[in-house]
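Just so we're clear, the structure is a prediction, and the values are computed from it rather than from any experiment.
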Amino acid sequence: MSQIRHALSVTRDADFAAWYQDVITEAEMAEESGVRGCMVIRPWGYGIWERIQKLMDERIKAAGVENCYFPLFIPLSFFAKEAAHVDGFAKEMAVVTHHRLIADGKGGLVPDPEAKLEEPLIVRPTSETVIGAAMSRWVQSWRDLPLLANQWANVVRWEMRTRMFLRTSEFLWQEGHTAHADRADAMIETLRALEMYRSFSEEALAMPVFAGEKPENERFPGAVATYSIEAMMQDGKALQAGTSHYLGTGFAEAAEIRYQDREGQQALCHTTSWGVSTRMIGGVIMTHGDDDGLRVPPAIAPQQIVILPMLREDDGDAALLAYCEELRAALVKQSALGEPLRVLLDKRPGKATQKRWAWVKKGVPLILEIGGRDAAGAMVSVLRRDRLWREDAKVNFAAQAREAFLAAAAAEIEDIQRSLHADATARRDANIERGVTSLAELEALFADEKRYPGWVELSWSRPGGAELEEVVAKLKALKLTIRNTPLDAAPATGTCLFTGQPAVERIFVARAY
RNA sequence: CGGGGAGUAGCGCAGCCCGGUAGCGCAUCUGCUUUGGGAGCAGAGGGUCGCAGGUUCGAAUCCUGUCUCCCCGACCA
């Protein structure tokens, strides 16, 4: 087994952070842009994002939410209206202060002091405030509610430390914003969005997650309650992959989103917001990637099957290409996961082996290498990306009769989707410790700096305020954070290992990205 | 924002300490031979050494500033 010559130069075991960077580079997903914290998303990475967009957008629309678009720039005064919101974002904001450049006399350009804006504009870090302003115009009567809006957009947060896809200064996302007549209706929407994210993550990304409520210290600035989906990466750390917030009436008060109820009284709306971003792609890399690069779940793979003709640059190529084209045509008539198969015939010149390793690193689910003998004998040579190596350390090609392969291809694509999800779920569940009942046990578990043991699920008394701050500080000493209170957890048992009070619920505790 | 490391050909790097006019591997191109599983040999092309100043007869190399990236911390829907 050790003779396997992997496609990447860094393994996950040797250096997980370097491996993550290497996958992104080698799979040609994204690259440096030269602008601090901002990345160029290359076709393969953007193709995955387009798949995520398409499948998520269908779910959003199915829930009756309509897409719209709001400005990139937000007047500073809009933002200043909700105090907690300002506090949460003030330190990481890009601000536009001028509208013109002039020559500095040294061959460069500087902002023209004469062209200073009356009121600075901030580049949106999130759009609650602008969308709130629109909602206050759109909502007049109880008949206008609920108001369900979403936008696909880019946002900017000037983070101190950035990592490709996981935390970039600019990122792409969708943000849903809704207004409701009362708390109950808004909570239903908040939890609907959370469940949409949970099922999307499991079904489309094949990434198992726990959906639950964040502790009060982790709430979105200005929110009354914040919910998240949390995924476990292969290094055992947690990734918050999506959030849904119940905002109460605070934002409605700031933006004056009011309606006249059935009794003729003015009332404040209850609002929600929810979003997922390009961070999900980082989650897919760290959930499914291996030492040969990315493995893309078929549901979000820009191409699910790549056909590589073994071109010889001779007279036989024409017949070989005709066979491959005919194979492609037969495949795209089939459907898997509810959509036609996405199949690419890679006719570019070059050696088939080199092209093969490029596709392996990109993680395309099925690779077909077709030579002259396959064409003559009505055969295909099939390589499953999720089962790349044989026991003897050779690449795991399976020679199959063309007809047999065609009959099974769609099922095989669906099997890869299932298999990636099953593997990720098994790995996650094997790395959750549930037997911790005291702080001393928790500390002992994380005592070894070299070996991070994964997540801990434990029971606590859900302290708040100063008492919670103490708990957070104790966990911080172990580099741990509270991820969420899973909605489907077993009932809490015993006493809280932090406060000694009777436990009321279970939480996940983990290191996080 | 603090500490550490780095920026030299498309990619990965050496050269820097001790200034003398640009090098290696992979990739690319050409030719020949191979080729059913990550080919071999020979030859060729490609770089204002991150950027801006300074010192010097001369700077990839020394000095100052600045931008960007990576790691650790702080911060962080």
How far, in whole Å, is [M] from [N] if one measures between their [atom1] atoms?
N	M	atom1	result
B/A14	B/U8	P	11 Å
B/G50	B/A60	P	10 Å
B/A59	B/G46	C1'	24 Å
B/A52	B/G10	C1'	26 Å
B/C13	B/C1	P	28 Å
B/U66	B/G20	P	28 Å
B/G47	B/U56	C1'	24 Å
B/U61	B/C70	C1'	24 Å

Name the nucleic acid region contacted by [X], choosing base, sugar-phosphate or nothing; use a 4.0 angstrom heavy-atom cut-off, strictly under.
X	value
A/Gly275	base
A/Gly34	sugar-phosphate
A/Arg279	nothing
A/Arg167	base

Taking the minimum atom-to-atom distance to the side chain of [X], which one of [options] wins?
X	options	answer
A/Thr162	B/C76, B/C69, B/G73	B/C69
A/Met160	B/C69, B/C75, B/G36	B/C75
A/Asp374	B/C76, B/C70, B/G36	B/G36

cation_pi([X], [Y]) dist<6.0 Å, angle<=45:
X	Y	result
A/Lys81	A/Phe78	yes
A/Arg511	A/Phe446	no
A/Arg157	A/Trp173	yes
A/Arg192	A/Trp274	yes

[X] side chain near [N] phosphate (N/O to OP1/OP2, under 4.0 Å):
X	N	value
A/Lys476	B/C75	yes
A/Arg161	B/C71	yes
A/Thr353	B/U35	no
A/Lys91	B/C1	no
A/Gln354	B/C26	no
A/Arg163	B/C72	yes

Counter-base of [N], judged by Watson-Crick or G-U geometry with both distances under 3.5 Å:
N	result
B/G46	none
B/A27	none
B/C62	B/G54
B/G73	B/C1
B/G36	none
B/A6	B/U68

Tell me the interatomic distance from [X], atom [atom1], to [N], atom [atom2], rounded to whole angstroms.
X	N	atom1	atom2	answer
A/Glu92	B/C76	CD	C1'	6 Å
A/Arg483	B/C76	CZ	P	13 Å
A/Asp22	B/C71	CG	P	13 Å

Original post:
Looking at the rings of A/His85 and A/Phe79, which for Trp means the six-membered one, are their centres under 6.0 Å apart?
Top reply: yes
**OP:** Would you please indicate if the ring centroids of A/Trp389 and A/His6 are separated by under 6.0 Å?
**Re:**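 When the ring centroids of A/Trp389 and A/His6 are compared, they turn out to be within the sub-6.0 Å range.
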Original post:
So, the side chain of A/Gln234 versus the backbone of A/Thr287: is there a donor-acceptor pair under 3.5 Å, distance only?
Top reply: yes
**OP:** Could you say whether A/Trp158 or A/Ala352 is positioned toward the 5' end of RNA chain B, judged by the nucleotide with the nearest heavy atom to each?
**Re:**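 The residue closer to the strand's 5' end, by nearest nucleotide, is A/Ala352.
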